[in-house]
Amino acid sequence: MTSASGGADMVDWNLAVATATRLVRPGPEVSRAEAAAVVAELRRHALEAEEHVRAFTGMRSSSLAAAAATPVLVVDRPGWVRANVAGFRTVVQPLVEKLQARRANSAAAGVFGAVGEKATGIEVGALLAFLATKVLGQYETFAPAEPSLEAPDSPAALFDKPRLSPEGPGPGRLLLVAPNIVHVERELDVDPSDFRLWVCLHEETHRTQFTAVPWLRDHIQSEVQAFLAETDVDPGALLDRLREAAGSLGGALPGAGGREGRDGASANLLEIVQSPAQREILGRLTAVMSLLEGHADVVMDGVGPAVVPTVAEIREKFQQRRDRGANRLDLMLRRLLGMDAKLRQYQDGAVFVRAVVEQVGMEGFNRVWTSPNTLPTKDEIHDPAAWVARVAR
């Protein structure tokens, strides 16, 4: 399958971006002056949050160059799509090469060719259009190398415009999705300035994690690449797993029966198509992501009282929104895509971080960043005392 950019690929990424941009719902209605004020305030809060996070956590970037190399971009929903497509292309390149080699030497070419890169591009675009309305902010661990921005469409453009074509892996970048932040602050009826700073505190914690812990990005990247290397590209095996996935669709709705994962939740598509080796790798990745997300949640609330006067109200309303969920279709998509697992990462990780800090203090907790061996295992995320006994003492 030849991509629109002229090289072999699994997906027509340009078509994916065009599809997502066409399908994504518009953001909240604001005047141009209001939009400009939101963008400017988010940029200020991102800078302010950096010092608050470092003071609270005791974590410092390994070098000024490391921090400077991870820019903060304020984007709209199409900008988020473009940024993530560039990141996807960088991450999945080893899998693309694996598929290319198989197609060159087997009948699999006919199976995958029948699907077509354009059909896959449309499917990916539809998925991105759904996700683009959900994300408030994101630290892109595998962002392409600089230059990361295209020239704006006009001198008066408000939002940053990430490049679509990857140029090799870069040091990462922080994205703030302005329309989604405005939408949620209005839905919750909270103080806009406080909410924007609160979101920036969470995302800046992620940037601090990766700039202060030099080995963390490479460790996660190696785990992701190991996961992709274990991908079974045999069409027969994949179809068998997809048949199993089709049988589990009923379990994706609350209260329905269906296959249950090890944690009691209905299995999502990602879990179903995994090999045993991939499940083991994903267990380690889940523990790491639970740590990172839970740590960010603890920091945003811990910093909050001093700099975000309404943090208690924001947290209460935001948690109610998480718990309430959405309509049945939205819930089904979240379950199938593993977004429910993402929410559990916030909750489980936050419980772990608070328990460890309570037992050994922030300095003792920060031993978690010493090496990959001091990261909590999936079991230790649910048993903080076990991690403390193994590492902190």
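Side-chain contact check for P376 versus F352: some heavy-atom pair is nearer than 4.5 Å. By the 4.5 Å heavy-atom criterion applied to side chains, L201 and V308 are counted as neighbours. For the pair V184 and R321, the minimum side-chain heavy-atom distance is below 4.5 Å. A heavy-atom distance below 4.5 Å is found between the side chains of T57 and H295.
Shortest non-hydrogen contact noted between D160 and P162 is O-CD, 3.5 Å.
The pair D301-R354 counts as a salt bridge, with a side-chain nitrogen and a carboxylate oxygen less than 4.0 angstrom apart. One finds a salt bridge joining D297 and R315 here, because a Lys/Arg side-chain nitrogen approaches an Asp/Glu carboxylate oxygen to under 4.0 Å. Ion pair E48/R54 not flagged as a salt bridge, since none of the NZ, NE, NH1 or NH2 atoms sits closer than 4.0 Å to an Asp/Glu carboxylate oxygen.
Between F195 and F318, the two ring planes are tilted [angle within 30° to 60°].
For the residue pair E203/H206, the side-chain donor-acceptor check at 3.5 Å is not satisfied.
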Inset, instruction - Determine, stepwise, if the pair D348 / S290 fulfils side-chain hydrogen bond (donor to acceptor under 3.5 Å, both in side chains). - result: CA-CA 7 Å; D348 296 344; S290 296; 5.4 Å; no
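Applying the side-chain hydrogen bond (donor to acceptor under 3.5 Å, both in side chains) criterion to T208, with sequence neighbours excluded, gives E204.
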